[in-house]
Structures are given as C-alpha cells and as structure tokens.
*Asks:* 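Got a structure for you, written out below as structure tokens; questions coming shortly.
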Amino acid sequence: MKVGSAYTRLLVSDLKTSFDFYKNVMGFEVKNENLEDGYAEFKVGDMKLSLFRRQEMAKMIANTAKPPHAECQDNVALIFTVHDVEEEYEKLTHQGVKFTTAPMNNPYYGIKTAYLRDPDGTLIGLFELLV
C-alpha cells in the first residue's frame with residue numbers, strides 16, 4: 001500500500017462542542033470548518049485532525065443498529081508532544097479543563113506526561129521529552 005497522507009479522524013457525538021474545545025481550549029489552527037455538514041479539520045503540528053459526526057459515519061457504513069457507547073477501557077488516545085507539559089497543564093487547567101492525571105515524570109520512557117479528555121471522552125496525552 002502506498003499512502004500519500006494520513007490523518008486522525010475523531011467520530012464525535014456533539015460536533016460544535018468538540019470543535020470549540022479543539023479550537024478555543026487546545027488552540028489548534030482551523031483548516032476546514034463545515035459544521036452544518038458535520039465536518040471540521042485542524043492542523044496540529046505535522047498532523048491533520050478531523051472531527052466528524054459519529055451518527056453520520058454510522059449511517060455511511062450501515063452501523064446505526066449498534067449502540068453509540070459502551071463502557072470499556074480506552075481504544076484510542078491522541079498524543080501531542082509539547083515543549084512544556086507543566087505550562088500547558090496550567091493554561092488548560094485555568095481554562096477549566098479537568099485532567100485525569102497531573103503532570104508526572106516517566107523516566108523509563110524519558111518523558112513527562114499529563115492526560116485529559118476532550119468533551120466526547122477521547123483520551124489526550126501531553127508528552128514532553130526529558131533531557
């Protein structure tokens with residue numbers, strides 16, 4: 001398989017709330033905003049992150065009979081490398097973001113991490129390389 005480009009698409013239940021979170025709280029650059037049609041896209045470093053309404057994807061792939069949510073452990077995590085985890089933690093906490101873990105060093109992997117969730121419950125990790 002030859003891949004020209006790749007990106008991450010999150011299937012969300014509330015597109016407007018998720019869009020506002022990634023734009024206004026996380027501060028990501030908007031590349032495409034078409035909320036009426038159920039799609040938005042951001043530039044995040046070298047990656048594209050898109051949001052798409054979960055119910056519309058379910059219709060496309062004939063999957064609407066399945067429940068939209070099930071209690072389970074996380075199946076996906078978005079990982080963003082940042083310059084200073086503590087600084088981002090303080091900024092996001094000030095904006096009302098609740099973290100699932102405070103910043104912590106992980107010397108085994110040589111990183112500092114902190115974890116939070118977006119409005120749809122997607123796990124987000126902030127990573128900083130320890131020198």
Side-chain angles (χ1 to χ4, degrees):
M1 172 185 343
K2 185 175 182 179
V3 177
S5 66
Y7 59 97
T8 299
R9 176 182 289 170
L10 294 179
L11 304 176
V12 299
S13 57
D14 185 337
L15 182 63
K16 174 77 171 111
T17 299
S18 292
F19 176 80
D20 290 345
F21 174 81
Y22 284 103
K23 177 183 176 191
N24 300 323
V25 177
M26 298 300 286
F28 295 159
E29 178 185 348
V30 177
K31 294 309 262 180
N32 184 338
E33 178 182 350
N34 194 346
L35 302 183
E36 286 106 34
D37 289 338
Y39 185 80
E41 187 175 286
F42 299 89
K43 182 176 184 330
V44 184
D46 293 334
M47 178 183 95
K48 283 191 265 181
L49 173 66
S50 72
L51 306 176
F52 191 67
R53 284 194 197 111
R54 178 179 293 124
Q55 55 274 43
E56 290 180 35
M57 180 59 91
K59 287 178 193 173
M60 281 184 200
I61 63 170
N63 202 18
T64 57
K66 292 187 178 177
H69 298 287
E71 286 198 32
C72 63
Q73 292 182 358
D74 296 295
N75 290 318
V76 66
L78 294 176
I79 306 300
F80 302 121
T81 302
V82 297
H83 176 70
D84 186 332
V85 167
E86 295 281 350
E87 180 181 315
E88 298 301 331
Y89 177 83
E90 291 301 322
K91 277 197 273 186
L92 292 170
T93 300
H94 184 71
Q95 293 183 60
V97 171
K98 304 284 189 234
F99 279 76
T100 60
T101 64
M104 61 184 147
N105 288 343
N106 188 333
Y108 181 77
Y109 292 108
I111 56 175
K112 179 182 279 194
T113 62
Y115 289 92
L116 62 135
R117 293 192 182 276
D118 75 4
D120 223 55
T122 302
L123 185 63
I124 298 172
L126 303 180
F127 283 26
E128 172 189 345
L129 292 175
L130 297 174
V131 187

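Values below: every heavy atom of this structure, side chains too, minus hydrogens, waters and symmetry copies.
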*Asks:* Please evaluate residues R117 and T100 with respect to the criterion side-chain contact (heavy atoms from CB on, under 4.5 Å), reporting the C-alpha separation (whole Å), side-chain torsions for both, the decisive distance (0.1 Å), and the verdict.
*Replies:* CA-CA 7 Å; R117 293 192 182 276; T100 60; 4.0 Å; yes

*Asks:* When rounded to the nearest 0.5 angstrom, what distance separates OH in Y39 from OG in S50?
*Replies:*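 Rounded to the nearest 0.5 Å, the OH-OG separation comes to 4.0 Å.
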
*Asks:* Could you check if a side-chain atom of V25 sits within less than 4.5 angstrom of a side-chain atom of V97, using non-hydrogen atoms only?
*Replies:*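 Yes. Closest side-chain heavy atoms under 4.5 Å.
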
*Asks:* Give a yes or no answer on whether the side chain of K43 reaches the backbone of G45 with a donor-acceptor pair at less than 3.5 Å.
*Replies:* yes

*Asks:* Same hydrophobic cluster for L35 and V12, using side-chain heavy-atom links shorter than 4.5 Å among ILVMFWY?
*Replies:*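 Yes.
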
*Asks:* Flag the pair L10 / F52 as yes when at least one side-chain heavy-atom distance between them is below 4.5 Å, and no otherwise.
*Replies:*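 Heavy-atom side-chain distance check fails, nothing below 4.5 Å.
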
*Asks:* Identify, with sequence neighbours excluded, every residue that meets side chain to side chain donor-acceptor pair (under 3.5 Å) alongside D37.
*Replies:*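 Checked D37 against side chain to side chain donor-acceptor pair (under 3.5 Å); matches are N34.
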
*Asks:* For the residue pair Y115 and F127, categorise the inter-ring angle as parallel (less than 30°), tilted (30 to 60°) or perpendicular (more than 60°).
*Replies:*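 Answer is perpendicular, since the angle exceeds 60°.
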
*Asks:* Answer yes if V85 and Y109 sit in the same cluster of Ile, Leu, Val, Met, Phe, Trp and Tyr residues linked by side chain heavy atoms under 4.5 Å apart, and no otherwise.
*Replies:* no

*Asks:* If you look at every heavy atom in N106 and L130, which pair is closest and at what distance?
*Replies:*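 Scanning both residues completely, I find the closest heavy atoms to be N-CD1, 4.4 Å.
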
*Asks:* Got a second to check how far F21's CZ is from L116's CG, nearest 0.5 Å?
*Replies:*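 Answer for the CZ-CG pair, F21 versus L116, is 5.0 Å.
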
*Asks:* Evaluate L92 against L126 for side-chain contact (heavy atoms from CB on, under 4.5 Å), listing each step before the verdict.
*Replies:* CA-CA 11 Å; L92 292 170; L126 303 180; 4.0 Å; yes

*Asks:* State whether a side-chain donor-acceptor pair under 3.5 Å links S18 with D120.
*Replies:*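 No, no side-chain donor-acceptor contact under 3.5 Å.
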
*Asks:* Rounded to the nearest 0.5 Å, what separates atom NZ in K23 from atom CZ in F28?
*Replies:*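 So the NZ of K23 and the CZ of F28 are separated by 14.0 Å.
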
*Asks:* If we only count heavy atoms from C-beta on, is the F19 to V30 side-chain gap below 4.5 Å?
*Replies:*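 Contact flag for F19/V30 side chains = yes.
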
*Asks:* Would you call E86 and K112 a salt bridge, taking side-chain N to carboxylate O under 4.0 Å as the test?
*Replies:* yes

*Asks:* Starting from L129, can I reach V82 by hopping between I/L/V/M/F/W/Y residues whose side chains sit under 4.5 Å apart?
*Replies:*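 Shared cluster, no.
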
*Asks:* Fit a plane to each ring of F99 and Y89, take the angle between them on a 0 to 90° scale, and name the class: parallel (under 30°), tilted (30 to 60°) or perpendicular (over 60°).
*Replies:*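 The rings of F99 and Y89 sit tilted, inter-plane angle from 30° to 60°.
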
*Asks:* Just verifying a value: how many Å separate K16 NZ and R53 CZ, rounded to the nearest 0.5 Å?
*Replies:*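 One finds 12.0 Å between NZ of K16 and CZ of R53.
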
*Asks:* Mind running side-chain contact (heavy atoms from CB on, under 4.5 Å) on L78 and L49 for me, showing each step along the way?
*Replies:* CA-CA 10 Å; L78 294 176; L49 173 66; 4.2 Å; yes

*Asks:* Step by step, would you call F42 with M47 a side-chain contact (heavy atoms from CB on, under 4.5 Å)?
*Replies:* CA-CA 8 Å; F42 299 89; M47 178 183 95; over 6 Å; no

*Asks:* In Å, rounded to the nearest 0.5 Å, how long is the span from CD of E88 to CD of E128?
*Replies:* 10.0 Å

*Asks:* Measuring from R9:CZ to L51:CG, what's the distance to the nearest 0.5 Å?
*Replies:* 10.0 Å

*Asks:* Are I79 and Y108 connected in the hydrophobic side-chain network, where two residues link if heavy atoms are under 4.5 Å apart?
*Replies:*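 Same cluster.
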
*Asks:* Could you tell me whether the side chain of R54 and the main chain of L11 form a donor-acceptor pair under 3.5 Å?
*Replies:* yes

*Asks:* Regarding Y22 and D118, do their side chains bring together a donor and an acceptor under 3.5 Å, going by distance alone?
*Replies:*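 Indeed, the side chains of Y22 and D118 share at least one donor-acceptor pair under 3.5 Å.
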
*Asks:* Checking E41 side chain against K31 main chain: does a donor-acceptor pair fall under 3.5 Å?
*Replies:*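 A pair under 3.5 Å: no.
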
*Asks:* Looking at every heavy atom in both M26 and I124, which two are closest together, and how far apart are they?
*Replies:* CE-CG2, 4.4 Å

